[in-house]
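Order of the sequence lines fixes the chain letters, A, B, ..., with proteins taken first and strands second; residue numbering starts at 1 for each chain.
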Protein chains: 2
Amino acid sequence: MNIRTLCLGILSFQEASGYEIKKEIEEGMFSHFIDASYGSIYPALSQLNAEGLVTVRAEEQTGRPDKKVYSVTDAGRAALAKGLLVIPARDKYKSEFLFEMLFKNMLPDAHIRLAIEKQLHDLREDLSRMAECRAEGQTNEGSEFIMGYGEAVLTAGAKYLEAKIAELQPNIKLAAE
Amino acid sequence: MNIRTLCLGILSFQEASGYEIKKEIEEGMFSHFIDASYGSIYPALSQLNAEGLVTVRAEEQTGRPDKKVYSVTDAGRAALAKGLLVIPARDKYKSEFLFEMLFKNMLPDAHIRLAIEKQLHDLREDLSRMAECRAEGQTNEGSEFIMGYGEAVLTAGAKYLEAKIAELQPNIKLAAE
DNA sequence: TGAGCATATATCAATTTGGCATATAGCAAA
DNA sequence: TTTGCTATATGCCAAATTGATATATGCTCA
């Protein structure tokens, strides 16, 4: 699936500028499983516009470039529906964290601890972003599904890491006994 | 973290050719959280060789190009250790599956079912690959950690999907009652 | 006052992907 | 038996994507 379909999908929920799409991808519901940079979003929107799948409306701003607000056309909605009808490609997951952990015995304990805590922090951040999106309403059957999935997966990861951190501190446990 | 460090890490376990590194990334322990193509692996190995971080040995083959077997040098091991001492970047996760599910209500039930079953299949494949790696031995503290993490996360995802599939088939359940 | 962040678009070198080319051998199905 | 598929093995290349930077301004916090 290409970025064009992605933008089309996001715009099908609400008209938005390139900047707003990026924000949605970074902070919104999509953040858990989508990643895209300006360098791909802006060209994608131009192309979609050229293909007649979206329309643009320039909103004047003072002191900033005009905001270009994109809306999906009927042709765009049709293209989206068609683009969604493929069996999805396998998930792509890249984790520098897990790669580093593979070399646990080569690295100082303090670094391992930091890395695990960072990962745990990231997972919790992701979880709370989802909780926020839920709280803000705007949920439909689809978003319920993906948030349920995300919560299941992230919670399982966090639990695992919490247990591992506890193991790292046997001294503290002993002191408490 | 760049592909060069990745190759260095994989080679630190065992000398290998570019082809073998790719296989390891596709089928081995690394498959869960690493992805890389020939187009990045081969140039990375050439560069590592030019930098003196690995050495090459050509193994003659009949009917195939010579196998170029790469081994890490001491300088390479040092570079790896240094490269691992950064706080890992945030995980990157891209899922066309979840994106599609967001549009559940727009898509035919049959397609949704297929997509979920495909995802479940992928998760199980990933899980069994890990189980295999465990069975084959070759485990260390690091690989135990990452396989534990992977199992936790994948199992949680699979459980969630199994429950959702069950929900999709209330008719079958009713028939069984 | 000044640093840093948010808004907003856009470009671009560097990286990375995914498909193709090349070459051969083995195996299974038509 | 021939045809097509898979595995081995390296490498190239167009196309897609990233991540950083440029440009411009107003707001907030110390």
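- Regarding A:N2, its CG atom lies at a distance of 14 Å from the C1' atom of C:dG18, rounded to whole Å.
- In this model, the phosphate group of C:dA8 is not approached by any side-chain N or O of A:K23 to a distance below 4.0 Å at OP1 or OP2.
- Heavy-atom distances to DNA chain D give each of B:Y42 and A:A36 a nearest nucleotide, and the one nearer the 5′ end belongs to B:Y42.
- In this entry the distance linking NZ of A:K94 with P of D:dT18 reads 10 Å, nearest Å.
- Between atom CZ of residue A:R57 and atom NZ of residue A:K67 there is a gap of 9.0 Å, rounded to the nearest 0.5 Å.
- Taking the side chain of A:E20 as heavy atoms from C-beta on, and the options C:dA8, D:dA7, C:dT17, the nearest nucleotide is C:dA8.
- Between the CG atom of B:D35 and the C1' atom of C:dT17 there is a distance of 9 Å, rounded to whole Å.
- With respect to the salt-bridge test (charged N to carboxylate O, under 4.0 angstrom), the residues A:R113 and A:D109 do not qualify.
- In the set D:dT10, D:dA7, C:dT9, D:dA7 carries the atom at the smallest distance from any side-chain atom of B:R64.
- Contacts of A:T62 with the nucleic acid, taken as non-hydrogen atoms under 4.0 Å apart, are absent.
- Close to C:dT17, at under 4.0 Å from its OP1 or OP2, lies a side-chain N or O of B:S40.
- Look at A:K22 and you won't find any side-chain N or O under 4.0 angstrom from OP1 or OP2 of C:dA10.
- With rounding to whole Å, A:I21 atom CD1 is found 15 Å from C:dA10 atom C1'.
- One hydrophobic cluster, built from ILVMFWY side chains closer than 4.5 Å, cannot hold both B:Y42 and B:L8; they sit in different ones.
- Per the geometry, CG belonging to B:L6 stands 15 Å off P belonging to C:dT15, to the nearest Å.
- Nearest nucleotide to the B:P65 side chain, out of C:dG18, C:dA8, D:dT10: D:dT10.
- The phosphate of D:dT8 has OP1 or OP2 within less than 4.0 Å of a side-chain N or O from B:Y19.
- OP1 or OP2 of C:dA10 lies within a sub-4.0 Å distance of a side-chain N or O belonging to A:K68.
- The side chain of A:Q61 approaches C:dA8 more closely than any other nucleotide in the set D:dT8, C:dA8, C:dG18.
- Here A:G39 lies in heavy-atom contact (under 4.0 Å) with a base.
- Judged by closest nucleotide on DNA chain D, B:S17 is the one of B:K92 and B:S17 placed further toward the 5' end.
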> Between B:F145 and A:F103, is a ring-ring contact (aromatic ring centres under 6.0 Å, His included) present by the stated rule, with each step listed?
Replying inline: CA-CA 10 Å; B:F145 183 98; A:F103 302 93; over 10 Å; no
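- In terms of phosphate contacts, B:S37 brings a side-chain nitrogen or oxygen within less than 4.0 Å of OP1 or OP2 of C:dT17.
- Straight-line distance from the NZ atom of B:K67 to the P atom of D:dA7: 16 Å, rounded to whole Å.
- Surrounding CD of B:Q14 are at most 12 heavy atoms belonging to other residues, nucleotides or ligands under 6.0 Å away.
- Between B:Y38 and D:dG11, a side-chain N or O to OP1/OP2 separation shorter than 4.0 Å is absent.
- Rounded to whole Å, the distance from CD on B:E59 to C1' on D:dT8 is 13 Å.
- When the C1' atom of D:dT8 is taken as reference, atom CD1 of B:I41 falls 15 Å away, rounded to whole Å.
- The backbone N or O of B:Y70 lies less than 3.5 Å from no partner atom in the side chain of B:E15, so there is not a single donor-acceptor pair.
- Among the nucleotides D:dT17, C:dT16, D:dG19, the one closest to the side chain of A:I3 is D:dT17.
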